Each structure stands twice: as C-alpha cells, then as structure tokens.
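Below, read A as the first sequence line, B as the second, and so on, with proteins coming before strands; counting in each chain starts at 1. Note that the coordinates shown come from a computational prediction; the quantities given were computed from them, not determined experimentally.
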Amino acid sequence: MLNKEFKLKIGLAEMLKGGVIMDVTNPEQAKIAEDAGAVAVMALERIPADIRAYGGVARMSSPKMIRDIQAVVSIPVMAKCRIGHFAEAQVLQTLGIDFIDESEVLTPADDFNHVWKHSFKVPFVCGCRNLGEALRRIAEGAAMIRTKGEAGSGNIVEAVRHMRTVTSEMKKVQSLDDHEVVAFAKNIGAPVELVQYVRESGKLPVPNFSAGGIATPADASLMMQLGAETVFVGSGIFKSSDPANRAKAIVDATTHFEDADAVCKASEALGDAMPGLEIGSIPEDELLQKRGW
Amino acid sequence: MAVIGILALQGDFEKHALMIQKLGHETVFVKDQIALNKCDRLIIPGGESTTFLKLIDRLNLRKVLIDFGAAKPVFGTCAGLIILAKEVINDNFKPLGLIDIEVSRNAYGRQIDSFIDDVNLDFNGAKESYEAIFIRAPKIIKCFEGVRHLACHMDDIVMAANKNILVASFHPELTDDLKIHDFFINHFAREGQ
C-alpha cells in the first residue's frame, strides 16, 4: 500500500504532527490562526457549532472563499467535502486544496459509499469512532485518520471515547494469535491485511489525529496524552470570547502537552470558552458522529 | 555514541529519531534550552516553518539556537532548511540566518505538486543517485560564498552546507535510507575536514 503517491500523502500528514489545525470561515480568521501558530487551517463556510444551529443542508464551501483564504496564508489549507461526494472532492482538488476532509460535519451525499480516495492526488482525512471504521477509511485511501468526536458540541467526551476505543482495539489486535486475525477482521469489518499491519507494527498505517469537541488548552493536552498526534479545533476558537489568545494558548498546550506547568500557563488569562452542549441533550438523529460508517 | 537533539516543537521529529536510533545514537527531543544543552548535534525537522518560527520566538529560543549553530553542527530538512537560511524571499519572517542561502517557500506549489524523484548526491567523496521526497518543498534560490553544494535535482541545489550547518529541501527521514543521517552524524563537520 506504500506506493509513491501514498507516501507523499502520508508525508504531509507527518509534517502536521504535534500541531493544531483550526477551522476558519474567512481570511481574517485564517490570519489569526496562522499568527497563533496553527499548522494548517480548515476553510469552511460555517463552523460546526453554527452548522448545528443553522440546520439545513451543509455543503462544500464556495471556491471563492477558499481562494480568498489560500491567498492570505502560507500554511496548508484544508477543506471539507460531503461524505461520498466525489465531485465536490474533485473541485477541491482543482482548487489546489492541500488536504480534503471527507467530513460528517457536512450533510452526507451518499448513505452507503465513501469516496474512493486512492483515485485522488490530494490526501484525505476521515473521521472514525473505532478501529474498524479507521481501517475501512484507510483502505479507501485516507492518509490521515481523526476521531469524530462530536463536532460543534464543545464537549470532549466523544473524542475521548473514540480515541480510547481505537487504542484499546489496537491493543486487542496485538494480543491476537494467528488463528484469530481473520475472525477479528470480520467482526470489525476491516481488511485482513490492515488488521495484520496493526498487529505487527502496533500502529495505524497513517497518522492518527483528534477532532470533535476540543475547546480548551487542557482538552488539547488530554487528547495528545491519549495518543492523538495533532488536534483539530473547530468551533472552540472562534466561538470563544478571545479567539487570538485562545488559539495561541491551544497551540502552546499542544506543543507542551506533557508539561502541566506549561498547560496551566497557557490556560491562564483566557476569556470564556465556547458554551458546551451535554451530548445527551442532542437528539439522536442530530448527532454528527453517526454519519458515515 | 553521540547525543543528537531534534527540535520537537512540531513536525516529523519522531521520524528523525527513528533514523538516529537505527544508527545507534541517543536522541533528545528539544523544546527548551535545558534539553539543547545536552546535545552534541541538532536536527531541525520537517513541519510548518511559520509555526516553528512563531514558537521559537514565543519560547525565547532564537538566541540559544543561533549560539548552538555557531558552535555545533545543525541539520535542517525542508522547514528546517527555511529556519536555518539567511533569507526567505516570499515571506515576511526572519529565519535564524545560520547558512548564507536565500530560499523561496513552497516553491514547487501546493500539496498536489509534491513529488518523489531521483537527485544526485555529491558528498563524502561519493557521487550517487538517491530517491528524494519533496513535500511542499522550498527551493534554494541563491547560495552565497562559503556554501558547498551537496546534491542537486535538475538545475536546483537541494542539499547544501557550510562549516557547521547542513540543509536539505527534501525529507531523508521519510525514507528507509540512513545514508544522509549517517553522513550528518558521523562525517559532517568533523575535526580535520
């Protein structure tokens, strides 16, 4: 699976490690993110908290707003396409987007099929809630995996659940004997060869990032300590009372995620975090993480 | 056994660590001056150069890195090359200026323009072909006096060095070939050279 194209895709994901990727909706926010030390920005029309509030069908961002953001920053620019919407992905590739997020935050275009990502030159990131889902997306060509969490909730509990599920299933895979591998792969709905890869290397074949509910420096530190290699912050920055300082603080806490003094320092003198949502208060059919499979 | 520091503010520092460990040396992830003081040599990895420089300044590491580079060998790959350069022509930030080269960021374009291709290595007395990985890579636009050319890709210089500083616009740490790391640790900037 490590052909040249795939190596290049994973290579860019490697460059983003240890950093923070921030959702932005206009050039001013993109600049704030870059100045704060973001390693990439995700260009989207509305941040997840607003998508949730606004309702309706959420689609790929307009090419104009993507170009406007590409024009003002030198760090990589990512953008989202709807699950299964390969035509949106083709447009994003034409725009020279550096990474496409086939994202459950947008309204899915296909109930059954995700994009066959191997046929694109641009790398993709996809969300997952467990190891089976992660390996299915990697089989389709995802060069980076992230937890889904619950986007726009400001609540870290789902990202933690998804990260812990992936890592505990990886530990389980490593304890399998030869005879158990195929049955395990069947049960989690993942290709046998990818399960074998995890069993032998103890790692996913692509970098593993975290998204969905990160709102504070300590949230970022928590996800990094749980094994995330980079964090995505969606609504957490531009729904807070002081985006520029919060953005910086989350970057600092991610760099020094193991150093509680540094995370403490980053957490001081920040205004209010975004208001959060209790997951139980979100109606079942409005949970974004249930989109895709 | 040498102690090789890797600047670990962000980027693919773990990939460099794996290479160094395979070569039998100790690695230290550097996020502050205390860690830097333990190192015989330093690597500045690939990553986002804008992020590196923001963090270097926020953590007051600029002067200590410049002092380190004046005294001990430093190797920069991709973003690391940008950080070590004298000048970046298409960005308004100020790199460390430890090697007298002028560079252009993302000179080949965006991620869809990233590529893998053979480059010609010319160092350590050997001339050979080497498969190099370029990701949103910078270009060395100009090399001033005292800078040696160690590899080229078509007409571009892709690896260069002065007395203490080694830079590559590609990513040897993403390959399985230990040659360039071995050169940096065991042969580069040794006494009598």
If contact means a heavy atom pair closer than 4.5 Å, which residues of residues 24-44 of chain B contact chain A? Lys31(B)
Does Asp101(A) come within less than 4.0 Å of Arg146(A), counting only side-chain N to carboxylate O? yes
At a heavy-atom separation under 4.5 Å, does Pro76(A) approach chain B through its side chain, its backbone, both, or neither? both
Below 4.0 angstrom, N of the basic side chain to O of the carboxylate: do Lys94(B) and Glu87(B) qualify? no
Can Lys248(A) and Asp252(A) be counted as an ion pair, charged N to O under 4.0 angstrom? no
Chain A contact via Leu55(B) - which portion, at a heavy-atom distance below 4.5 Å: side chain
Heavy-atom distances under 4.5 Å only: say whether Ile112(B) touches chain A with side chain, backbone, both or neither. both
Candidate pair Asp122(B) and His149(B), rule side-chain hydrogen bond (donor to acceptor under 3.5 Å, both in side chains), full reasoning: CA-CA 8 Å; Asp122(B) 182 4; His149(B) 304 169; over 6 Å; no
Is the Phe170(B)-Tyr130(B) ring centre distance short of 6.0 angstrom? yes
What side-chain hydrogen bond (donor to acceptor under 3.5 Å, both in side chains) pairs are there with at least one residue in residues 17-31 of chain A, not counting sequence neighbours? Glu14(A)-Lys17(A), Lys17(A)-Glu229(A), Thr25(A)-Gln29(A), Lys31(A)-Glu34(A)
Could you tell me which of Ala13(A), Ala36(A), Pro207(A) has the largest number of non-hydrogen atom pairs under 4.5 Å with chain B? Ala36(A)
For the rings on His16(B) and Phe184(B), is their centre-to-centre separation under 6.0 Å? no
Under 4.5 Å heavy-atom distance to chain A, tell me which part of Ile116(B) shows up: side chain, backbone, both or neither. both
Under a 4.5 Å heavy-atom cut-off, does chain A meet the side chain of Phe134(B), its backbone, both or neither? backbone
Measure Leu59(B) against the heavy atoms of chain A and call it side chain, backbone, both or neither at under 4.5 Å. side chain
side-chain contact (heavy atoms from CB on, under 4.5 Å) test vs Val167(B) passes for just one of Ile82(B), Leu81(B), Thr77(B), namely Leu81(B)
Under 4.0 Å between a side-chain nitrogen and a carboxylate oxygen: does that hold for Arg137(A) and Glu102(A)? no
If we count only N and O atoms by modelled type, under 3.5 Å, do the side chains of Arg67(A) and Gln70(A) hold a donor and an acceptor together? no
Is it the backbone or the side chain of Val20(A) that comes under 4.5 Å from a heavy atom of chain B, or both, or neither? neither
Lys/Arg-Asp/Glu bridge criterion (N-O < 4.0 Å) met for Lys86(B), Glu102(B): no
Per-residue tally against chain B (heavy atom, under 4.5 Å) across Asp35(A), Asp98(A), Val122(A), Thr230(A) peaks at Asp98(A)
Test of ring centre spacing under 6.0 Å for His187(B) and Phe123(B): no
Which bit of Asp259(A) is near chain B, if near means a heavy-atom gap under 4.5 Å: side chain, backbone, both or neither? neither
Top of Glu14(B), Glu173(B), Arg58(B), Lys54(B) for chain A proximity - count of heavy-atom pairs under 4.5 angstrom: Arg58(B)
Does any heavy atom of chain B fall under 4.5 Å from the side chain of Ala40(A), the backbone, both, or neither of them? neither
Tell me, side chain or backbone of Ser114(B) under 4.5 Å from chain A's heavy atoms, or both, or neither? both
